[in-house]
Amino acid sequence: GFLSSPDGAWSAYKGESGFLSRLELTGYAVGDGQAEGKLSIGDPRSPQQPTNTIAENAQELQRYLTGVKRLTGAEEVDLVAHSMGGLISRYYIDRLMEERDVAQLLMVASPHGGSNCANLPASLGFFLPASLELRPAYMQQIFNRQITRRRGVPFHLFAGNPILQSFKAPCTGVPSDMVVERNSVATLDSPQLELPYMHTAMNRSEQVFQEFVAPLLKQGTGDFSLAADPPLEPAATGSLQFTKLFTGHVRPGQPEELTIQLNDLTVASFSMFDPTRSLAVEVRGAAGKVIPLNFDDHGLVQVDEPSSLIYLGYGFENPKPGPWKVTVLPTAETLPEGADFAIAAKVVGSATLQANVTPLAPDFDEPVTLTARLNLAEVPVSDAKILATIRHPDGHRETVTLVGGADKTFTWTPHRPGLYGVDITAESYTLDGIPIARTAFLAFEMQPASRKGGVNLLLLSALGSGAACWVGWRLRLLHRFWRRPQ
């Protein structure tokens with residue numbers, strides 16, 4: 001998964017006492033040195049270091065697979081992927097696999113519809129382009145429209161569903177595993193199993209292995225029928241609404257107070273990303289009182305796993321309208337140089353922001369148009385102030401103003417090929433004068449000048465994204481000839 005290492009992510013599977021040994025199988029994790037090929041999926045210790053794109057990581061997967069087959073004499077492997085590993089595996093099967101060499105693909109909590117939790121590190125410019133590629137807008141509107149072929153390989157899905165109440169899901173819909181909601185996993189039409197496990201615990205869970213992975217690995221070589229390419233189902237993750245996203249930097253002895261305006265809502269769920277996992281928060285409601293956070297009442301969770309997209313999460317049902325104060329506090333573990341953070345609130349009720357970018361894959365030097373409209377109780381707000389922060393492929397950002405009536409637009413011509421992130425924020429007031437703010441997180445991908453005809457950057461294996469991927473392998477020794485997939 002995102003930000004993970006081959007050995008750390010799959011230590012429970014490998015080795016003499018690992019899960020695979022019970023089935024008398026050998027596991028190979030891409031990047032573990034048993035064959036050539038190493039993924040670049042983000043290093044929690046160096047958040048500003050660029051990652052590979054999905055396409056580049058799929059090429060590393062291809063190198064590793066080739067090496068394992070050469071090492072063992074296997075003709076096919078079983079491919080097991082956690083989180084973004086499923087996206088890399090899909091790209092490999094669709095674009096790079098020549099003769100069929102994957103018997104089946106098992107995907108554990110892969111965000112086929114994206115994950116809004118990725119907006120937090122992306123807002124800090126961390127783990128790019130991977131964090132941008134995880135956005136629902138990118139996955140649903142760009143990646144899934146092109147990576148559709150299964151080449152006869154059966155797909156199997158696993159989803160975690162421990163979170164069932166919306167206020168306990170900081171940055172996803174429900175049911176959710178904290179980072180990926182069930183609807184995102186189910187974007188693919190494939191057999192799916194669900195168990196109540198958090199996202200970062202699945203690849204260490206013996207129950208997940210015994211109930212999902214092991215039965216599939218026990219299948220004989222004649223048990224694999226050619227899988228069709230069913231249409232992708234629309235995912236609901238893109239419809240979530242968020243307040244303005246806040247970023248900052250806290251040093252020892254220098255806390256930072258944020259004011260987050262909440263209007264008439266049924267749910268407000270807060271998520272915070274801190275790569276150092278050393279910060280704390282104090283929350284004051286609209287009445288000005290400190291709210292002692294706990295799991296039962298607020299879904300308070302602290303995720304210390306470095307590969308998680310969030311660090312802290314908590315939420316409220318029917319929060320009192322008005323200014324909420326969130327103070328980000330350093331702790332004894334905060335380093336002298338301090339720590340960066342990003343905070344957003346997922347909200348349900350009242351105002352909604354509709355935004356889009358066209359075209360999604362513009363040609364080199366082709367104009368791009370941003371469009372946005374803020375609705376309050378389903379009525380367009382014509383006097384809303386709408387800004388767009390555009391993150392360019394080289395990392396620099398610019399902020400522009402959308403203009404017009406209720407539907408506001410901005411058109412400009414980008415000149416650098418690659419993946420762009422666009423955060424559109426709309427601000428206005430309710431009828432009783434309470435400030436409201438909503439943010440939409442978009443993406444588009446400009447094609448290189450050498451593009452020919454309708455072949456876009458994704459098809460040229462130059463995807464603008466980084467992927468975080470674990471891939472566990474089980475070798476399947478075959479003694480029959482496989483046809484080239486049609």
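When a residue number appears, it is its place in the shown sequence, counting from 1.
- Ring centroid separation for the pair H249 and F341 does not come in under the 6.0 Å cut-off.
- Looking at residues two or more places apart in sequence or on another chain, you find a side-chain contact (heavy atoms from CB on, under 4.5 Å) between S110 and M107, H112.
- A side-chain donor from one of E305 and S307 sits under 3.5 Å from a side-chain acceptor of the other.
- Judged by distance alone, with hydrogens and angles left aside, the side-chain atoms of K346 form a donor-acceptor pair with the main-chain N or O of S166 at under 3.5 Å.
- Residues S40 and T51 bring no donor and acceptor atom of their side chains to less than 3.5 Å of each other.
- Under the rule for a side-chain contact (heavy atoms from CB on, under 4.5 Å), P215 has no partner lying at least two apart in sequence or in another chain.
- Side-chain contact check for D394 and H392: no donor-acceptor pair (N or O, by modelled atom type) lies under 3.5 Å.
- Donor-acceptor pairing under 3.5 Å is lacking for the side chains of Q354 and N356.
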Problem set entry | Pair R135-D423, salt bridge (charged side-chain N to carboxylate O under 4.0 Å, His left out): steps then yes or no | CA-CA 11 Å; R135 286 187 167 184; D423 298 352; 2.7 Å; yes

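- In this structure, D365 has no salt bridge (charged side-chain N to carboxylate O under 4.0 Å, His left out) partners at least two apart in sequence or on a different chain.
- Residues that satisfy the side-chain contact (heavy atoms from CB on, under 4.5 Å) test with P47, not counting sequence neighbours, are F126, F127.
- Each salt bridge (Lys or Arg N to Asp or Glu O under 4.0 Å) pair with one or both residues in residues 104-124, not counting sequence neighbours, would appear here, but there are none.
- Checked by atom type, the side-chain pair N161/E194 shows a donor-acceptor distance below 3.5 Å.
- Annotation: the span from I93 atom CD1 to R149 atom CZ amounts to 11.0 Å, rounded to 0.5 Å.
- Inspection of the T425 and T439 side chains reveals an N or O donor paired with an N or O acceptor under 3.5 Å.
- Listed by chain and residue number, Y13, F209 satisfy the ring-ring contact (aromatic ring centres under 6.0 Å, His included) test with F19 (two or more places apart in sequence, or in another chain).
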